[in-house]
Number of protein chains: 2
Amino acid sequence: MKHTYEYPRAALTVDCVVFGFDSGAAGLQVLLIRRGLVPFKDHWALPGGFVRVEETLDDAARRELEEETGLKDLFLEQLYTFGTVNRDPRERVVSVAYYALTKPADHTTAASTDAAEARWFPVTDIPPLAFDHAEIFAAALTRLRGKLTYQPVGFELLPPKFTLTQLQRLYESVLGTDIDKRNFRKKVLSYDLLIPLKEQHREGAHRPAQLFRFDPVKYERLKKKGFLFEL
Amino acid sequence: MKHTYEYPRAALTVDCVVFGFDSGAAGLQVLLIRRGLVPFKDHWALPGGFVRVEETLDDAARRELEEETGLKDLFLEQLYTFGTVNRDPRERVVSVAYYALTKPADHTTAASTDAAEARWFPVTDIPPLAFDHAEIFAAALTRLRGKLTYQPVGFELLPPKFTLTQLQRLYESVLGTDIDKRNFRKKVLSYDLLIPLKEQHREGAHRPAQLFRFDPVKYERLKKKGFLFEL
DNA sequence: AAGTGATGTGTATTATTCACACGAAGTCAA
DNA sequence: TTGACTTCGTGTGAATAATACACATCACTT
């Protein structure tokens, strides 16, 4: 108790909406933690925590994410800053929200030091959330939808090798629409962004699918330039 | 000096990038103030200031804007939060940046209580700015460009009655490109967003121009829905 | 050998984008 | 009044992109 200021100050936190994609049935998912402390003890919430005075906002987001979920090195981008006066029942807290993209399979989502528990939920079926986290989540999903239509982000959500059908499922799952298979393939291939591999993906009693990977150079270029994906 | 916390806290500020559009030669402009206090005394800077503990971020932005520039009731939207550690030489300051749209002619930009001076600058020619305000400004301009292409925002920048040429100049000035007159008119009229008035705009020794106004209902609807303006 | 199930492919139709030039309507000055 | 000047306002054709749509292929299973 030794930091004193002339005027009262809000506490500053970061909160992260982590999206993952499961090519199987689950589709697009979000990572939530169960709170171990009051307020909202035992409620589900977005991972996050206080910003330290000597770290940037991005650093704080990455640090909290790793502490609470074990995830690191993921795509992370600032979303919006939430600053209504009574977001937190304890005191004035302003939260800088981030959203992140990753592959659920990639890292173990289990063991976390701070939070009691971390779990993936399908975005179509999330539990009630602490604070105004439902609002933050909704904003993140809207942003992700927007992003997907004008920048390639599939790379962050898919494994290194994937089939066109998986990529299509990703788009359908995020955008919440059905997409025509032939038109989808025509379009994504026209970007000259995907490199076909010699390998094929075998699964089930049916024709195996061609595997692709992203061309990292063109991927980055397109991410900067944007493209406008409408189907 | 009576507010004490267990951990050190960053100070929270808002900064506003106010855009105005002058149908004349000046084009797109930004409103800057000359700082009356150290640090960066007498440098140009974005209007802004500290967030009070009992006001929302939006409220803080509007309050500071009015205090420093006299502007109120303008279109205002959160842009991004800047939180690198040494943005401010004095101490850790995190700033929530906003951008705003208005008509320079609308309000008197003169008399301000806090800031020594407030002035419009063409966006193509702004002076060196205090802190990381140049970066904030650049982000705002990028955002405005993006916004213009997928939402109608002209309403906020143009007078109630305007000609198609003025609207086109606005787009050209923000996007930094030339646009074909016929294609532009075809496109904007196709949105069924503009209502032709019985009046005409006379100026100079040439054919007078038809005046239009926005249809407020359709304008709001399109602002929600978005449209995608590419020319 | 026949059945199953996801993969992979092409074309015709329609809408959108883009490039492009000139008469019309006023003002002003001779 | 006439002509010069300047911005306003308009249409078409070519090229490109978007959409709708159906069936043979391949590997595995029984």
Side-chain angles (χ1 to χ4, degrees), chain A residues 22-27 148-150 152 158-159 161-173 175 177-213 222 225-231, chain B residues 22-25 27 148-150 158-159 161-173 175 177-213 222 225-231:
Chain A
D22 169 24
S23 305
L148 202 61
T149 63
Y150 66 86
L158 287 175
K161 302 171 183 179
F162 53 88
T163 68
L164 288 181
T165 301
Q166 286 173 332
L167 185 60
Q168 182 176 346
R169 293 275 174 278
L170 168 60
Y171 272 80
E172 290 177 333
S173 171
L175 301 179
T177 58
D178 281 3
I179 301 176
D180 178 86
K181 195 205 290 193
R182 279 177 288 194
N183 294 338
F184 178 82
R185 295 160 104 89
K186 206 185 313 173
K187 184 134 183 174
V188 304
L189 290 176
S190 78
Y191 292 127
D192 198 23
L193 183 68
L194 302 183
I195 300 175
L197 301 174
K198 297 208 177 59
E199 297 170 73
Q200 292 185 326
H201 178 77
R202 282 152 203 273
E203 170 190 86
H206 53 80
R207 178 171 180 179
Q210 173 71 245
L211 282 169
F212 291 83
R213 65 182 178 85
L222 262 190
K225 178 168 156 262
F227 56 42
L228 220 90
F229 195 92
E230 291 215 312
L231 275 177
Chain B
D22 169 23
S23 304
L148 201 62
T149 63
Y150 66 86
L158 286 175
K161 303 172 184 179
F162 53 88
T163 67
L164 288 180
T165 300
Q166 285 173 333
L167 185 60
Q168 181 175 349
R169 294 274 174 277
L170 167 60
Y171 272 80
E172 289 177 332
S173 172
L175 300 179
T177 59
D178 281 3
I179 301 176
D180 178 85
K181 194 206 289 192
R182 280 177 287 192
N183 293 337
F184 178 83
R185 295 161 103 91
K186 208 185 312 172
K187 185 135 185 173
V188 304
L189 291 175
S190 77
Y191 293 128
D192 198 23
L193 182 69
L194 302 183
I195 300 175
L197 302 174
K198 298 210 175 59
E199 298 171 71
Q200 293 186 324
H201 178 76
R202 282 153 201 275
E203 171 190 86
H206 54 80
R207 180 172 177 178
Q210 174 70 247
L211 281 169
F212 291 82
R213 65 182 178 85
L222 261 189
K225 180 168 155 263
F227 57 41
L228 220 90
F229 195 93
E230 290 215 312
L231 276 176

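Naming: A, B, ... by sequence-line order, numbering from 1 per chain.
- In summary, contact between chain B and DNA chain D, defined as any nucleotide atom under 4.0 Å from a heavy atom of the protein, begins and ends at D:dC5 to D:dT12 in the 5' to 3' direction.
- How far CD of B:Glu172 is from CD1 of B:Ile179: 5.0 Å, rounded to the nearest 0.5 Å.
- When side chains are defined from C-beta on, B:Phe229 does not count as touching B:Tyr150, because their heavy atoms never get closer than 4.5 Å.
- Put simply, CG on A:Leu175 and CG on A:Leu170 are 8.5 Å apart, with the number rounded to the nearest 0.5 Å.
- Residues A:Thr163 and A:Gln166 form a side-chain contact, since some pair of their non-hydrogen atoms from C-beta on lies under 4.5 Å apart.
- Here the CG-CZ distance, from B:Leu167 to B:Arg169, works out to 11.0 Å after rounding to the nearest 0.5 Å.
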Donor-acceptor contacts under 3.5 Å from residues 180-187 of chain A side chains, at least two apart:
residue	atom	partner	partner atom	Å
A:Asp180	OD2	A:Arg182	N	3.1
A:Asp180	OD2	A:Asn183	N	2.9
A:Asp180	OD2	A:Asn183	ND2	3.4
A:Asn183	OD1	A:Lys186	NZ	3.4
A:Lys187	NZ	A:Glu230	O	3.1

Which atom pairs, one a donor and one an acceptor, fall under 3.5 Å between side chains of residues 191-200 of chain B and the rest of the protein, sequence neighbours left out?
residue	atom	partner	partner atom	Å
B:Asp192	OD2	B:Lys218	NZ	3.1
B:Glu199	OE1	B:Lys161	NZ	3.3
B:Glu199	OE2	B:Lys161	NZ	2.6

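- Comparing A:Lys181 and B:Phe212 by the nucleotide of DNA chain D whose heavy atom lies nearest to each, the residue mapping closer to the 5' end is B:Phe212.
- For B:Arg213, the salt bridge (charged side-chain N to carboxylate O under 4.0 Å, His left out) criterion is met by no residue, not counting sequence neighbours.
- At a threshold of 4.0 angstrom between heavy atoms, the contacts of B:Thr165 are confined to the sugar-phosphate backbone, with no base atom among them.
- Residues B:Leu189 and B:Phe212 meet the side-chain proximity criterion, which asks for heavy atoms closer than 4.5 Å.
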>> Output one letter per nucleotide in nucleotides 10-20 of chain C: B when a protein non-hydrogen atom lies under 4.0 Å from the base, S when only the sugar-phosphate is that close, - when neither is.
In response: BB-----SBBB
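- For the segment residues 198-207 of chain B, residues with any heavy atom less than 4.0 angstrom from an atom of DNA chain C are, sorted by number, B:Arg202, B:Gly204, B:Ala205, B:His206, B:Arg207.
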